Peer 1: 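I'd like to ask some things about the structure below.
Just follow the structure's listing: the first ligand is 1, and inside any ligand the first atom is 1. These numbers were taken from a predicted model, which means no experiment stands behind them.
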Amino acid sequence: METLITKMFGIEHPIIQGGMHYVGLAEMAAAVSNAGGLGIITALTQKSPADLANEIARCKDMTDKPIGVNLTFLPTVNAPDYPGYIKSIIEGGVKVVETAGNNPSQVLPYLKDAGIKVIHKCTSVRHALKAQSIGCDAVSVDGFECAGHPGEDDIPNFILLPRSADELEIPFVASGGMADGRSLVAALSMGAEGINMGTRFIATKEAPVHQNVKDAIVAASELDTRLVMRPLRNTERVLSNAGVERVLAKEKELGDAITFEDIFEDVVGVYPKVMQEGEMDAGAWSCGLVAGLIHDIPTCQELVDRIMSEAETIIRRQAALLG
Ligand SMILES: Cc1cc2nc3c(=O)[nH]c(=O)nc-3n(C[C@H](O)[C@H](O)[C@H](O)COP(=O)(O)O)c2cc1C
């Protein structure tokens, strides 16, 4: 299938694996890219720019297909060494960067000068328009269904995608709640040029995470995610567990008086415990409503092939309706 996104990124299928903390390692990105999608390494999971350079090199040893790197700008006390990470990305010969969180205008000139395509992930039409105006090549439109940070507007993709199509001139992909061929065809119908998936790619054979995490996603239904940190205006959609229930109890108890320090233990340093050690009650980790649509743990190749063949079947069936 050829869309503006497959052409822009030089990939076979319009399927992207979004940046994921402690999941987007070289193995994950290489498996998705080898399957014909765009695999993305998550920069900030690497402790230093030198580690990121090493991770990019490892990934390139596993695939000769295009890969991307995610650079997330979230509110933090000690800002990471962004210039250093950008240097590693450029010197590593990466051709696509997914930015997320704050406006990436500071880093954009360096990436553009190096010929890198930038896709900015955003959760509202106004942020997508801003990304377009500062020169991003594409956007990933992340609906309220998504794992991670859905923003504070709470607009699901059935509204957000057509609204984006009505306003944007640059291409966009649909992110949040995407799982199968139905998702892809629906996204295309609403004006997207492809899909971005997070949670679905964790439940794959190659995802470099503890088996407990994959099993938890398969076991979860669409009723099992929670929104934490809403009172701090840093909302995150996570899988419910004992740590998350502690956070929610604190939020209820302290109301507007809550500070980050009050929930620190259950939201900071959680990812290595969950993803590497399989401690499922360690605290808050991102998971989407799409967990309700995930029932197996295929290889990335099987998953991507299945999405593409389902999409083809649906498109042919719909075309046949016209007689
Ligand atoms: C475990 C996990 C960690 C994530 N970490 C990041 C991250 O570090 N940076 C980022 O931009 N997005 C992150 N995301 C969001 C994904 O890139 C993607 O936007 C989201 O998962 C899409 O929603 P879906 O899970 O319904 O497919 C994460 C998602 C998951 C599931």
Peer 1: Do the charged groups of Arg246 and Asp262 touch, with an N to O distance under 4.0 Å?
Peer 2: no

Peer 1: Just to be sure I understand the cut-off, which residues have at least one non-hydrogen atom under 4.0 angstrom from an atom of ligand 1?
Peer 2: Gly18, Gly19, Met20, His21, Thr42, Asn70, Thr72, Ala100, Lys121, Asp142, Cys146, Ala147, Ser175, Gly176, Gly177, Asn196, Met197, Gly198, Thr199, Ile202, Tyr271, Met275, Ser286, Val290

Peer 1: What residues, two or more places apart in sequence or in another chain, satisfy salt bridge (Lys or Arg N to Asp or Glu O under 4.0 Å) together with Asp154?
Peer 2: Arg230

Peer 1: I'd like to know if the side chain of Asp180 and the backbone of Arg182 have a donor-acceptor N/O pair within less than 3.5 Å.
Peer 2: yes

Peer 1: With sequence neighbours excluded, what pairs up with Ser286 under the side chain to side chain donor-acceptor pair (under 3.5 Å) test?
Peer 2: Glu236, Tyr271

Peer 1: Tell me if a side-chain donor or acceptor on Asn34 pairs with a main-chain N or O of Met62 at a distance below 3.5 Å.
Peer 2: yes

Peer 1: Please enumerate all residues that pass side chain to side chain contact (heavy atoms under 4.5 Å, CB included) together with Asn157, with sequence neighbours excluded.
Peer 2: Val141, Glu145, Leu160, Leu161, Met178

